[in-house]
Novice: 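The structure is given below, and queries will be raised subsequently.
Computed from a prediction, not measured in an experiment: that's the story for all the values here. Side-chain atoms are counted along with the backbone in the values below, which use heavy atoms only and exclude waters and symmetry mates.
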Amino acid sequence: MERRRSVLLLPGQGAQRERMAAGLYGAREEFTAPMDEFFGRLGTTGARLRSAWLRPAPNPELDESAVAQPLLLAVGHALGRAVGTAAEPPALLLGHSVGELAAACLVGVFDPADIGALAAARSRALEGTGHGGMLAVAATEGQLAEELGGFGDGLAVGADRAVAGADGVAVAGVAERAAFAGVAVAALNGPRQTVLAGPREALAAVEQHLRDRGILVRALRSGHAFHSPVMAGAALRFGEALAGFGPRVPRAAAGTVVSTRTGVAVTEDQARDPHFWGGQLAAPVRYWPALRELLDTLGRRPGLLLLDGSADRSLSAPARHHPAVRDGASEVVPLLAVGRDAGGPADARVFAEALHRLGEQRDHTGDHTVVS
């Protein structure tokens with residue numbers, strides 16, 4: 001029977017945590033080496049990032065995109081390198097936001113030696129634009145479109161009176177919807193986990209409206225409105241910068257990147273197109289639809305091992321409710337510790353357990369891994 005495929009899940013903005021994966025630093029050489037290379041190539045900026053990364057909570061500096069984004073990129077890449085060196089490269093890679101750029105580095109679209117320069121180029125592209133925020137909402141995209149007046153260029157304003165929702169209650173009048181302008185769906189992270197992004201004032205108006213309606217919301221750690229039209233200028237600049245890095249076709253043996261923009265594997269033409277990667281800054285992240293499609297198509301035959309590289313297990317949380325995971329055909333394998341143990345020695349223990357699980361599957365099944 002076919003062998004279970006491993007899927008490396010890599011986090012993006014909003015999922016950063018103090019000392020994320022730091023328990024592997026110095027404990028696993030295959031993780032430490034790429035992190036040191038990253039810091040070293042950035043000189044004094046690298047030293048500052050290393051200090052910010054290793055600082056315990058609370059650390060407000062980690063809310064700054066110029067700090068969080070490079071660290072998410074570096075940690076995601078180093079974690080993938082560690083898995084590939086200690087076990088084997090994942091068959092599939094699914095990255096959320098900057099996690100997708102880390103995945104591209106892991107499969108050879110960009111040279112790993114350029115990780116530091118890529119991070120710097122991304123930070124420069126953000127300068128002076130895209131400021132705003134992001135809001136996680138416990139609702140579907142459809143529910144929010146109905147609640148807030150529809151999605152188009154941000155949240156649409158298209159009526160001169162209040163709009164009635166399915167329950168007959170007015171959801172948003174013209175004045176309210178005008179205050180929502182510029183807010184858009186930035187990410188679909190789960191069946192009822194939608195992220196909105198936009199200018200601060202508009203996002204605050206949306207947040208208050210949703211809270212008044214009894215909908216759970218949570219502000220994410222971001223000073224930019226990532227994956228919304230607000231980021232169009234930054235996306236263009238980043239794409240232009242990426243052209244200088246000469247994006248290439250992925251190495252065949254390095255794994256396949258499944259795009260959270262398209263929901264399918266990145267094509268050769270897309271891989272070589274710098275604006276495909278740069279444009280991600282302004283495009284919605286369809287993480288859950290992409291992960292759900294993998295579970296729907298491969299979750300039982302041959303089955304998947306979902307390697308969760310987030311420091312809060314957020315990447316695998318929606319998958320745990322999928323039938324393929326609930327019935328044991330596919331399995332969630334955390335790579336890092338969470339809670340109070342995160343960022344400490346427990347990281348190395350959890351990572352070792354993940355490697356054992358990968359090796360156990362390989363040893364017990366050889367080249368013909370069984371589904372369960």
Novice: Is there a path of hydrophobic side-chain contacts, each under 4.5 Å between heavy atoms of I, L, V, M, F, W or Y residues, that connects Leu92 with Val264?
Specialist: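 As far as the 4.5 Å side-chain criterion goes, Val264 and Leu92 are not connected within one cluster.
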Novice: Any idea which heavy atoms bring His224 and Thr129 closest together, and the distance?
Specialist: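 Where His224 meets Thr129 most closely, the heavy atoms are CD2-O, 3.2 Å.
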Novice: Mind checking the CD1-CZ spacing from Ile115 to Phe110? Nearest 0.5 Å is all I need.
Specialist: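 One finds 9.5 Å between CD1 of Ile115 and CZ of Phe110.
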Novice: Just to verify, what does Asp327 make a salt bridge (charged side-chain N to carboxylate O under 4.0 Å, His left out) with, not counting sequence neighbours?
Specialist: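 For Asp327 the salt bridge (charged side-chain N to carboxylate O under 4.0 Å, His left out) partners, ignoring immediate neighbours, are Arg300.
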Novice: Taking atom CG of Leu216 and atom CG of Leu210, what is their separation to the nearest 0.5 Å?
Specialist: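 So the gap between those two atoms works out to 10.5 Å.
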Novice: So Trp53 and Phe39, would you call those rings parallel, tilted or perpendicular, with 30° and 60° as cut-offs?
Specialist: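 Tilted, since the angle between the ring planes falls between 30° and 60°.
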Novice: Just verifying a value: how many Å separate Asn59 CG and Glu64 CD, rounded to the nearest 0.5 Å?
Specialist: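 Reported to 0.5 Å precision, the distance equals 8.5 Å.
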Novice: Nearest 0.5 Å, what's the CD1-CG distance between Ile215 and Leu144?
Specialist: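 Nearest 0.5 Å value for the CD1-CG distance: 6.5 Å.
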Novice: Arg55 and Ser51: side-chain donor and acceptor closer than 3.5 Å?
Specialist: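 Ser51 and Arg55 do have a side-chain donor-acceptor pair below 3.5 Å.
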Novice: Compute the centroid of each ring, for His77 and then for Phe38, and state whether the two points are separated by less than 6.0 Å.
Specialist: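 When the ring centroids of His77 and Phe38 are compared, they turn out to be at least 6.0 Å apart.
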Novice: Let me confirm one number: the NE2-CE distance from His131 to Met231, rounded to the nearest 0.5 Å.
Specialist: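 If I round to the nearest 0.5 Å, the distance is 9.0 Å.
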Novice: Nearest 0.5 angstrom please: Leu242 CG to Leu118 CG, how far?
Specialist: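 So the CG of Leu242 and the CG of Leu118 are separated by 6.5 Å.
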